[in-house]
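Worth knowing before you read on, the calculation uses all heavy atoms, side chains too, and leaves out hydrogens, waters and symmetry mates. Just so we're on the same page: letters track the sequence lines, and every chain starts at 1.
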There are 2 protein chains.
Amino acid sequence: MIVKKDVTIYDIAKSANVSPATVSRVLTSNPLVKESTRQMVLDKMRESGFTPNESARSLTKKQTNLIGFILPDISNPFFSQVFIEFERLALEKGFTVLLRNSMDNSEIEAIHLREFSERRVECIIFMGGRINKAKPEKKELEEMSTVMKRVPIIMVNGKMKGMNGYNVRTDEVGGIEAAIEYLLALGHRKIAYLGEKKGVTATDIKIATYKKTLKKNQISIVPKWQIYSDFNIEGGRKATRTLLESDQLPTAIMGMNDLVIYGVLKELRMQNIPIRTFSYVGFDDIFLSDIVYPSLTTVNHNYQILSMEMMNLFEMIKKGKEIKRVK
Amino acid sequence: MIVKKDVTIYDIAKSANVSPATVSRVLTSNPLVKESTRQMVLDKMRESGFTPNESARSLTKKQTNLIGFILPDISNPFFSQVFIEFERLALEKGFTVLLRNSMDNSEIEAIHLREFSERRVECIIFMGGRINKAKPEKKELEEMSTVMKRVPIIMVNGKMKGMNGYNVRTDEVGGIEAAIEYLLALGHRKIAYLGEKKGVTATDIKIATYKKTLKKNQISIVPKWQIYSDFNIEGGRKATRTLLESDQLPTAIMGMNDLVIYGVLKELRMQNIPIRTFSYVGFDDIFLSDIVYPSLTTVNHNYQILSMEMMNLFEMIKKGKEIKRVK
DNA sequence: TTGTAAGCGTTATCAT
DNA sequence: ATGATAACGCTTACAA
């Protein structure tokens, strides 16, 4: 296969009567070039439609300006908000984000990790999947530490057991407390909590917080009102069906994220149970919260702060490396 | 800044007592290598944690396996569904998708286009923004055609005037007809249509279809029921306010996409107008359609088919190029 | 202020 | 079946 030859700095050099080095200098905004030759070179570039080749550049500079980002599912509004905000920050700093959906599938995660390594990303942001497993598989741990030898991995809202890397998390405990106190203020004393999943790291502490906060307010705990489920709409529906089987019903329902609450609403509608039977609180501040009827009160996870913390941590890590490696 | 040296095929070659060429051969699965040396090399790779450098590879092969994807906003469920599906297909074919949000901002689009050029993506999928403008700016056209000289751009559901590139689109005319017929079947005769934007390519034909289909069914057109608005929730709210000002109200509301309908619902709720006052139809088959109360009937845009068509077109283009360039 | 040339980590052509 | 070696397109000492 014969490929049309790219315009290179050599071509530009020739047509501008300078050396390739000089062309490269204007490319890198090196101030040493005389303004007139600089303009000349720039003109030739425009004429010929020259675009620098990022692969070549990365190869010599040993730096790709790439950040890898693995998350379960970008169609989940919480993730998309976080991602967009992070992409915006990255753009400001001159970085390009590589997004990959894992669908919480360990094998897909592995594929993405490998690809990120080969593309020499300078950092990996990891959300969901294996980093939330209380008991990750040996293979998963090995993969992670292998990759981490090359490139820092920032785990968001998760911590793999037996793996110490970088972490960023939202204040989940604080969020749960805030949600419960909000409901108490509304006069609720019967509060259900749907949608954590056993075997996921943060689960235990969140459920513990739920119970502790209730106790602190002299409210007795009804075990049947704390129901595990998947993090999605289907999970919310299933949990609702379980909840409805209990002899006594709560007056308020907390969902582990908004999707779970949507599931609740959907199930209630399908069973012709009035939505107003309960009050609802979700945990992600996603744009839908505004839409569903009745409006959800959600505790603001604040993806902006989250994204910013991820970026800050990345820059700290990078700076640390640079300092360590100064000649 | 001193960087820890990467393990290269030279290192592997040395430790395996072969030449770098041989190492490269096992990397490319060249069948000419003896099985025993092949295993030897593979072992050494594992031991040393070797990962091939994609930049170097791209440089020599003049091929990056990268596809750029520009869309307005990945937090819009329609786009995220399309993207996920496309990413899945791309992964199957060994391609990596570079996602960029443009926020419909022309300058951001330009940044992404430039970056895609530098990264030598092999195709660009373009949704939203400038490709929907009935009257694109000269600068935008120039940018596009400059980029198109290097790499094919596939414009999805849009067609820039004065620009002939590759196009893929959903059957919007058919969708509108289907929606209206659905409403007619339900007995509606008073049908509003909210949410197209003047100056966007597909608008005219879609509105024409709306009118034509009504006429075909002997329904007179009420101009006040056809309201332009932005494609988002706010647009839907605004259009609703306008709609409510007309002396006569429709019984059904069609929205140009689901977000517009959400906006309608929200505005009605805020004005304490019963949701059941109207029936609703949106145009994107996004996962929320299921959730909102009352359920929306949406015309299936079928993002799976759309993604597949994008991928097919890309492969056709690629194949065409290869044929043209065979030695 | 500019040029020369080595090097970045691969692949691919030619020999052997 | 394997090895030498020239690309690929850029950056960056080092010289001039």
Counting only side-chain N and O atoms of [X], is one of them less than 4.0 Å from OP1 or OP2 of [N]?
| X | N | value |
| --- | --- | --- |
| S24(B) | dT11(C) | yes |
| T37(A) | dT2(C) | yes |
| K62(B) | dG9(D) | yes |
| S19(A) | dG3(C) | yes |
| K61(A) | dG7(C) | no |

By nearest atom, which of the nucleotides [options] is closest to the [X] side chain?
| X | options | result |
| --- | --- | --- |
| R57(A) | dT2(D), dT11(D), dG3(C) | dT11(D) |
| V33(B) | dT1(C), dA7(D), dT2(D) | dT2(D) |
| V18(B) | dG3(D), dT11(C), dC10(D) | dG3(D) |
| T8(A) | dT11(D), dA4(D), dG9(D) | dG9(D) |
| R25(B) | dG9(D), dC14(C), dT11(D) | dC14(C) |
| I9(B) | dG3(D), dT10(C), dG9(C) | dT10(C) |
| A21(B) | dG3(C), dG9(D), dG3(D) | dG3(D) |
| P52(A) | dC8(D), dT11(C), dC10(D) | dC10(D) |
| N53(A) | dT11(D), dA4(D), dG9(D) | dG9(D) |
| L32(B) | dT2(D), dT11(C), dT1(C) | dT2(D) |

Please give, in whole Å, the distance from [N] [atom2] to [X] [atom1]?
| X | N | atom1 | atom2 | result |
| --- | --- | --- | --- | --- |
| Q63(A) | dT11(D) | CD | P | 11 Å |
| E54(A) | dC8(D) | CD | C1' | 15 Å |
| L59(A) | dA7(D) | CG | P | 17 Å |
| E118(A) | dG9(C) | CD | C1' | 13 Å |
| Y10(A) | dA7(D) | OH | C1' | 11 Å |
| D6(B) | dC8(C) | CG | P | 11 Å |
| K14(B) | dG3(D) | NZ | C1' | 15 Å |
| N30(B) | dT10(C) | CG | P | 16 Å |

Determine the minimum heavy-atom distance between P152(A) and Y166(A), stating which atoms define it.
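Closest approach of P152(A) to Y166(A): CB-CE1, 3.6 Å.
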
Where do A16(B) and V41(B) come nearest, in terms of heavy atoms and distance?
CB-CG2, 4.3 Å

Do Q81(B) and E85(B) get their side chains close enough for a donor-acceptor pair, meaning under 3.5 Å?
no

Does one side chain, of N65(A) or E122(A), offer a donor that lies under 3.5 Å from an acceptor on the other?
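E122(A) and N65(A) do not have a side-chain donor-acceptor pair below 3.5 Å.
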
Whichever of A56(B) and T22(B) has its nearest DNA chain D nucleotide further upstream toward 5'
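Of the two residues, T22(B) wins.
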
Any base atoms under 4.0 Å from [X], or only sugar-phosphate, or nothing? Heavy atoms, all strands.
| X | answer |
| --- | --- |
| T51(B) | sugar-phosphate |
| V23(A) | nothing |
| P20(B) | nothing |
| S58(B) | nothing |

Could you tell me whether a side-chain N or O of S307(A) sits under 3.5 Å from a main-chain N or O of Y303(A), the two making a donor and an acceptor?
yes

Residues E315(B) and K319(B) bridged, charged N to O under 4.0 Å:
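No, E315(B) and K319(B) are not salt-bridged.
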
Salt-bridged, D6(B) to R120(A), with N to O below 4.0 Å?
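Counted as a salt bridge, because a side-chain N and a carboxylate O are separated by less than 4.0 Å.
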
Should the side chain of R120(B) and the base of dG9(D) be counted as holding a donor-acceptor pair, with the cut-off at 3.5 Å?
no

